[in-house]
Structures are given as structure tokens and as C-alpha cells.
Amino acid sequence: VQAIEEFAQEPNLWITDARGLVVLASEDALDAFYLDHPVQDLAVVGDYHHIKPLLEEQASDNRCAVAVLSVDGARLYRVDRSGAQLIQKCDLPERMSPSKRIPGVQFRTQANAGATRGAIFHGHGAGADLKKKEVAKRLRAIDEWLWGQIDLVVGMPIILGGVTYLTAAFRPVSKCPNILDETIDGSRLTENDVADHALEIMASAARDAFEKARRRYLELSRSEEHT
């Protein structure tokens with residue numbers, strides 16, 4: 001108790017942008033952690049540190065980035081509990097210049113059932129069908145642009161949005177890290193669409209992460225009981 005009281009008197013304790021504080025104290029040590037979100041006031045005394053609320057909070061972190069792709073460019077959103085915020089936009093020219101051709105892109109797609117030719121993509125305002133070579137160049141250009149924005153969403157998982165063919169073709173050519181398997185499908189995704197679907201994807205991932213953390217916590221608790 002004395003250690004906690006002395007810690008609470010630290011003059012610089014509350015000079016921070018943090019919105020929450022966790023203190024884990026024992027006879028031998030005191031550890032404190034700042035959080036970027038508020039937590040419920042709680043004091044627990046027991047044989048072990050009460051970290052279950054921390055596991056729940058960690059698992060419920062639903063911040064992510066969403067890259068909405070089209071043949072005309074891309075939009076990059078930052079998504080959290082408050083919604084989706086557009087942070088950058090990339091507009092590609094109507095035709096990619098031959099001098100800016102980006103080689104080495106292998107375009108992959110899956111034809112619709114019964115189809116006998118490669119997929120053709122229609123770009124809004126492009127004025128003509130864009131064949132797979134043109135689309136491949138555009139996807140690589142979008143990836144280069146997105147890589148340049150990575151510092152804006154550092155540490156966040158990235159969800160791809162757009163028509164299924166584009167998101168499927170973008171994934172194998174992208175060098176961006178943390179791209180999730182789940183996608184947001186649609187040709188005219190609004191900001192609300194992006195927020196709703198992204199938060200749903202992240203909530204599902206959070207439930208899986210919490211269950212994994214819970215099992216690990218129980219394993220550690222049992223191992224400590226037997227030592």
C-alpha cells in the first residue's frame with residue numbers, strides 16, 4: 001500500500017495524453033501502464049494480478065485501416081470506434097503512361113462460372129474497358145502509393161475494400177504488411193459502409209483474440225498454482 005501511495009504522489013504522473021492507468025502491485029514490485037482509452041475504476045486484492053480486464057481491453061482494440069480499391073485509384077481510411085475517417089486519396093490518370101509502365105506484375109483472377117475469357121474491369125469514368133495488363137499496372141501503382149502512406153496507419157491491420165476481383169488481384173502483388181484475409185466487398189462503398197464492415201471484421205477478430213488470451217491466462221494460472 002505504501003508503494004502505491006508514493007507512486008500516486010509522483011508529480012509527473014498525470015502529465016500525459018493517456019486516458020487510463022493500470023497499476024499492478026505486489027510485495028516485491030510495482031508496474032504501471034498507461035492506456036489510450038478510459039477504464040472502469042477498480043481495485044482488486046488477491047493472490048494474483050487481476051489482468052482479465054486488460055485482456056478484454058486488448059482484445060477489443062478495433063482500430064484498423066481500410067484501403068478501398070478501384071481502377072481509378074484508392075481511398076485510405078482510418079477506422080476506430082468513432083467511425084471511418086478518410087486520411088488520403090489516390091487518383092490515377094485515365095490512362096497509365098507507357099513510360100511509367102510497372103513490369104513484373106502477375107495478374108490473377110478467377111473467371112465466373114461458364115466464362116471462357118479473362119476478366120475485364122470497368123473503371124468509373126475511364127471511358128473504356130481496362131484489360132488485365134492495364135489493371136495490373138494500376139494495382140502496382142496503387143500499392144506503391146499505399147506503401148508511401150504506411151506511416152499513417154503504422155501497426156494497424158489493413159482491410160481491403162472494393163470489387164472481389166480487384167481485392168483478390170491486389171493481394172499477391174502488394175508488399176504492404178498486415179493485410180487481413182477478410183475484405184469489404186462492393187463497388188460503391190460509402191464511409192458508413194467502410195466503418196460498419198470494418199468494425200464487424202475487427203470485432204470477430206477481437207473475439208478470437210480474447211478467447212486465445214483467456215485460454216493462455218488460464219494455463220498460466222494453473223501452472224502457477226502447481227509451483
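This is a predicted model, so every value here is computed, not measured. For this chain, numbers begin at 1 and follow the sequence in order. Any value given below was found using the heavy atoms of this structure, including those in side chains, with hydrogens, waters and symmetry copies removed.
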Novice: Please name the residue in the list Leu180, Ile179, Val68 that meets the side-chain contact (heavy atoms from CB on, under 4.5 Å) test with Ile159.
Specialist: Leu180
Novice: Determine yes or no for a side-chain-to-main-chain donor-acceptor pair under 3.5 angstrom, with Asp143 supplying the side chain and Lys175 the backbone.
Specialist: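 Such a contact is found between Asp143 side chain and Lys175 backbone.
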Novice: Might you work through the side chain to side chain donor-acceptor pair (under 3.5 Å) test for Ser82 and Asp80, ending with a clear yes or no?
Specialist: CA-CA 5 Å; Ser82 64; Asp80 57 25; 2.5 Å; yes
Novice: Quick check against the 3.5 Å criterion: does Thr183 have a side-chain atom that pairs as donor or acceptor with the backbone of Asp185?
Specialist: no
Novice: Are Ile184 and Leu189 close enough that some pair of their side-chain heavy atoms sits under 4.5 Å apart?
Specialist: yes
Novice: Quick one: does any side-chain atom of Ser204 pair with a main-chain N or O of Ile201 as donor and acceptor, under 3.5 Å?
Specialist: no
Novice: Taking atom NZ of Lys89 as the centre, does the number of heavy atoms from other residues, nucleotides or ligands within less than 6.0 Å exceed 12?
Specialist: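 No.
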Novice: Going through the checks in order, is the side chain to side chain contact (heavy atoms under 4.5 Å, CB included) test met by Leu69 and Ile142?
Specialist: CA-CA 8 Å; Leu69 313 176; Ile142 290 172; 3.9 Å; yes
Novice: Kindly write out the residues that satisfy side-chain hydrogen bond (donor to acceptor under 3.5 Å, both in side chains) with Asn178, not counting sequence neighbours, or none if the list is empty.
Specialist: none
Novice: If the threshold is 4.0 Å, N to carboxylate O, is there a salt bridge linking Arg140 and Glu144?
Specialist: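 Not counted as a salt bridge, because no side-chain N and carboxylate O are separated by less than 4.0 Å.
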Novice: Can you sort out the partners of Glu191 under side-chain contact (heavy atoms from CB on, under 4.5 Å), two or more places apart, ordered by chain and number?
Specialist: Tyr77, Ala84
Novice: Is there a side-chain contact between His197 and Asp193 (heavy atoms, below 4.5 Å)?
Specialist: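 A side-chain contact under 4.5 Å exists here.
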Novice: Hey, does the side chain of Arg78 reach the backbone of Leu152 with a donor-acceptor pair shorter than 3.5 angstrom?
Specialist: yes
